[in-house]
Amino acid sequence: MDGPGMSRPVSGEKMVKIWYLYILECGDGTLYTGITDDVQRRFLAHCQGKGAKYTRGRGPLCLRYQERCGTYSDALKREIAVKKLTRLQKLELISLNPASADKT
């Protein structure tokens, strides 16, 4: 069965989850960066107050950026790199590649 964040197995291989980096803009203008294997599900969890503690009470939330990273390890490394960026650098990243960005 295929679902968000899943790729089809190649003869005899296990299904591998595809991981994504995402950036949310909170109602107070701050940016939140995270990773997930299902961006839509995770965004809804944030909106319902069931996501990261940081985003609770900071709505409305807007998904500003998403990037396909591949493995969990790749996504984690990318998240660390993006979290080190300044706010202006993150905004530049968002402007160059809006929420529909899909990189491998």
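With contacts defined as side-chain heavy-atom distances shorter than 4.5 Å, the pair L31/R87 qualifies. Within the 4.5 Å cutoff, the side chain of I23 has heavy atoms near those of the I94 side chain. In this structure the side chain of Y72 never reaches within 4.5 angstrom of the side chain of K17, judged on heavy atoms. Taking the side chain as every heavy atom from C-beta outward, L24 and H46 approach each other to under 4.5 Å. Side-chain contact check for D38 versus Y20: every heavy-atom pair is 4.5 Å or farther apart. Contact of the C26 side chain with the Y54 side chain is registered, since non-hydrogen atoms from C-beta on lie closer than 4.5 Å.
Applying the side-chain contact (heavy atoms from CB on, under 4.5 Å) rule to I80 yields the partners K84; only residues at least two apart in sequence or on another chain are considered. Partners of T71 by side-chain hydrogen bond (donor to acceptor under 3.5 Å, both in side chains), not counting sequence neighbours, listed by chain and number: D74. Residues satisfying the side-chain contact (heavy atoms from CB on, under 4.5 Å) criterion with K83, sequence neighbours excluded, are T33, E79. Not counting sequence neighbours, K50 has no partner by the side-chain hydrogen bond (donor to acceptor under 3.5 Å, both in side chains) test. Not counting sequence neighbours, S95 has no partner by the side-chain hydrogen bond (donor to acceptor under 3.5 Å, both in side chains) test. Applying the salt bridge (charged side-chain N to carboxylate O under 4.0 Å, His left out) test to R56 and every residue at least two apart in sequence or in another chain returns nothing.
Contact record, L61 with F43: O-CZ, 3.6 Å, taken as the closest heavy-atom pair. Here the shortest heavy-atom pairing between C69 and A75 reads CB-CA, 3.6 Å. Contact between Y22 and I35 at its shortest, heavy atoms only, is CE2-N, 3.4 Å. When all heavy atoms are compared, the tightest approach of Y65 to L93 is OH-CD1, 3.6 Å. Pairing each heavy atom of T36 with each of R41, the nearest pair is OG1-NH2, 3.8 Å.
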List the steps, then state whether side chain to side chain contact (heavy atoms under 4.5 Å, CB included) holds for N97 with E67. CA-CA 9 Å; N97 301 296; E67 177 182 318; over 6 Å; no
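In terms of modelled atom types and a separation under 3.5 Å, the side chain of Q48 and the main chain of A45 share no donor-acceptor contact.
From K90, atom NZ reaches atom CG of L88 across 11.0 Å, with rounding to the nearest 0.5 Å.
Surrounding CD of Q89 are more than 12 heavy atoms belonging to other residues, nucleotides or ligands, all under 6.0 Å away.
A continuous path of hydrophobic side-chain contacts links L21 to L85 [ILVMFWY only; heavy atoms under 4.5 Å].
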